[in-house]
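Order of the sequence lines sets the chain letters (A, B, ...), proteins ahead of strands, with each chain counted from 1.
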Amino acid sequence: MSIKIYNTLTRKKEELQTLEPGKVRMYVCGVTVYDRAHIGHAMSAMVFDIIRRYLQYRGYEVRYVMNFTDVDDKIIQRANQRGEDPFTLSERYIREYQQNLADLNILPATVNPRATNEMAQIITMINGLIDGGYAYSVDGDVYFRVKMDEDYGRLSGRQLDEMQAGARIEVDERKENPLDFALWKAAKPGEPAWEAPWGQGRPGWHIECSAMNLHHLGEQIDIHGGGNDLIFPHHENEIAQTESLTGKPFARYWVHNGLLNLSGEKMSKSTGVLITINDYLTQHSANAFRMLVLTSAYRNPLAFSNEIIEQAERGVERLQSALRPGMPGTDGISSEAERNLGKQADATRAAFIAAMDDDFNTAGALGSMFDLVRALNQARADGATSGDLEPAQATLLELAGVLGLRLQPEDDSGSQAADPFIGLLLDLRQDLRKQKLFDLADGIRQRLLDLDVLVEDTKEGSSWRWSKRA
RNA sequence: GGCGACGUGGCCAAGUGGGAAGGCAAGGGUCUGCAAAACCCUGAUCACGGGUUCAAAUCCCGUCGUCGCCUCCA
């Protein structure tokens with residue numbers, strides 16, 4: 001069985017065939033660091049984190065590149081407003097974003113190139129495009145000549161003459177064609193600038209991604225990803241630049257995630273409709289956000305609301321419920337029941353892989369995991385010991401790990417430290433219950449709950465766990 | 001105006017020609033001093049209208065609705 005990926009370029013699911021067997025070269029458009037990142041950025045990063053983890057699970061060696069756009073108009077504007085150096089500003093937001101990603105359990109990229117570190121490559125590329133007649137300079141600006149690219153528009157399904165140039169923005173009369181886009185912008189006084197044959201300036205937005213791809217992955221790559229708002233013009237322009245220069249097909253698979261909606265509207269920095277990742281994490285867990293992303297198809301728009309994220313949080317708890325140990329003092333289940341649990345674990349893994357192979361159908365994969373959750377909880381209710389449950393639990397943890405869900409607390413040193421004291425309280429409470437002093441026993445339970453310690457009584461005794469955990 | 005996506009039970013959502021997954025919520029039950037958890041049970045004329053087919057949530061046409069892109073955007 002092979003992996004199928006929906007390719008925006010062909011609008012079909014295609015079998016993944018990498019340039020080099022067993023290796024995937026993958027590039028995902030990162031963020032422009034002029035402000036805090038929001039949960040829409042988090043969604044995109046998470047979608048590609050899941051894809052990357054799954055490819056690795058299926059045995060691919062993944063070289064994963066995600067860039068930072070650390071010089072552009074908005075960064076300069078914001079820095080000027082604050083009387084701050086633009087590079088100090090961008091550096092701060094890069095650090096913050098990397099922390100956000102770590103907090104969300106998103107694996108770091110193999111390389112995180114920055115536009116400002118790629119100037120030599122960018123200038124070389126622009127030179128090459130000018131030499132080939134694909135670009136021209138005007139007053140220190142350099143533009144890409146879209147007419148020279150015969151299949152311009154094929155990613156976004158547009159024809160040059162169909163597009164209403166200037167429909168929403170004034171046409172720059174100096175351009176040969178309104179759709180020609182900037183490769184290089186001449187510097188205004190006081191702006192950060194680099195030396196180039198056409199004068200001082202800085203790169204346009206699209207060229208940096210082409211340059212970084214060339215530099216860090218080569219002329220051809222396997223997967224190029226990003227939000228579907230980047231299809232046009234950003235990715236269209238990347239294709240135009242890179243292919244005009246190399247004469248080779250650029251990315252084999254173009255993968256785009258749907259956008260996150262907040263109260264029915266796209267979240268975006270420019271409209272101010274957004275929730276930052278920092279704000280999100282003060283209210284909810286990283287697992288819940290991942291669960292939210294996993295329960296829907298990555299290509300569809302995703303609605304965000306408190307109700308929906310709470311549902312996701314409950315879903316995570318249900319997955320976690322299957323990892324609890326067996327009841328103490330039971331005889332275990334029959335060997336047949338144990339075999340059946342093992343069969344369910346194998347069936348779940350097979351269904352999981354089949355779903356994920358089909359264009360990363362995470363919702364389907366989760367569905368099979370919940371089948372295993374039920375089987376585990378049934379076995380426990382039937383008297384399985386921890387040892388009986390362990391192999392199937394290991395499978396569940398394995399699959400959760402592939403999706404990047406952390407079902408067990410990464411660091412339970414807090415629990416270990418608290419354990420003797422809570423144990424003491426539970427012993428005390430047990431005595432009170434024996435004496436039928438239920439008001440006092442219930443009081444202790446409530447006070448512990450106020451401290452996020454959830455106490456559960458069973459026939460064999462009381463157990464506790466944290467009621468809120470990232 | 002052009003291009004594209006989507007509309008499945010109260011909420012989220014998978015499934016794209018032949019048995020409507022799963023999660024959350026709700027109700028009933030088992031267990032329990034109570035609670036919680038877990039387990040068992042309960043629910044869908046798949047937006048609407050035509051058409052193709054032995055057979056349609058799934059394919060085709062149309063209508064309505066929601067959203068994205070066409071400007072910077074994940």
Between the base of [N] and the side chain of [X], is there any donor-acceptor pair under 3.5 Å?
{"X": "A:R11", "N": "B:rG4", "answer": "no"}
{"X": "A:D382", "N": "B:rC39", "answer": "no"}
{"X": "A:R445", "N": "B:rC34", "answer": "yes"}
{"X": "A:D442", "N": "B:rG33", "answer": "yes"}
{"X": "A:Q311", "N": "B:rC12", "answer": "no"}

With a 3.5 angstrom cut-off on both distances, give the Watson-Crick or G-U wobble partner of [N], or none if there isn't one.
{"N": "B:rG62", "result": "B:rC48"}
{"N": "B:rC3", "result": "B:rG68"}
{"N": "B:rU16", "result": "none"}
{"N": "B:rG10", "result": "B:rC24"}
{"N": "B:rC39", "result": "B:rG29"}

Side-chain N,O ([X]) to OP1/OP2 ([N]) below 4.0 Å:
{"X": "A:R374", "N": "B:rG23", "value": "yes"}
{"X": "A:N228", "N": "B:rA5", "value": "no"}
{"X": "A:R318", "N": "B:rG23", "value": "yes"}
{"X": "A:N261", "N": "B:rU66", "value": "no"}

Can you see whether A:N306 engages A:Q283 through a side-chain donor-acceptor pair at a distance of less than 3.5 angstrom?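 No pair is found: no donor N or O on one side chain lies under 3.5 Å from an acceptor on the other.
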Any donor-acceptor pair under 3.5 Å linking the side-chain atoms of A:N287 with those of A:R290?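 Result is no, nothing qualifies.
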When the [atom1] atoms of [M] and [N] are compared, how many Å lie between them, rounded to an integer?
{"N": "B:rA55", "M": "B:rG9", "atom1": "P", "value": "26 Å"}
{"N": "B:rA36", "M": "B:rC24", "atom1": "P", "value": "16 Å"}
{"N": "B:rC69", "M": "B:rU16", "atom1": "P", "value": "28 Å"}
{"N": "B:rU45", "M": "B:rC39", "atom1": "P", "value": "27 Å"}
{"N": "B:rU30", "M": "B:rG23", "atom1": "C1'", "value": "23 Å"}
{"N": "B:rG22", "M": "B:rA44", "atom1": "P", "value": "14 Å"}
{"N": "B:rG2", "M": "B:rC59", "atom1": "P", "value": "24 Å"}
{"N": "B:rC48", "M": "B:rG7", "atom1": "C1'", "value": "11 Å"}

Can you tell me the distance, in whole Å, between the [atom1] atom of [X] and the [atom2] atom of [N]?
{"X": "A:I309", "N": "B:rA25", "atom1": "CD1", "atom2": "P", "answer": "15 Å"}
{"X": "A:R290", "N": "B:rA13", "atom1": "CZ", "atom2": "P", "answer": "19 Å"}
{"X": "A:L448", "N": "B:rA35", "atom1": "CG", "atom2": "P", "answer": "19 Å"}

Quick one: do A:K343 and A:D346 satisfy salt bridge (Lys or Arg N to Asp or Glu O under 4.0 Å)? Show the steps, please. CA-CA 5 Å; A:K343 273 187 204 163; A:D346 292 341; over 6 Å; no
Among A:D450, A:I444, A:D452, find the residue that satisfies the side chain to side chain contact (heavy atoms under 4.5 Å, CB included) test when tested with A:L448.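 The residue from A:D450, A:I444, A:D452 that satisfies side chain to side chain contact (heavy atoms under 4.5 Å, CB included) with A:L448 turns out to be A:I444.
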Of A:I223, A:N7, A:T10, A:L230, which meets side chain to side chain contact (heavy atoms under 4.5 Å, CB included) against A:W254? A:N7
Are A:F370 and B:rG23 stacked, counting the six-membered base ring, centres under 5.5 Å, planes under 30°?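 The base of B:rG23 is not stacked with A:F370 (the test needs centres under 5.5 Å and planes under 30°).
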Look only at the side chain of A:D359 and the backbone of A:Y6, and say whether a donor-acceptor pair between them is shorter than 3.5 Å. yes
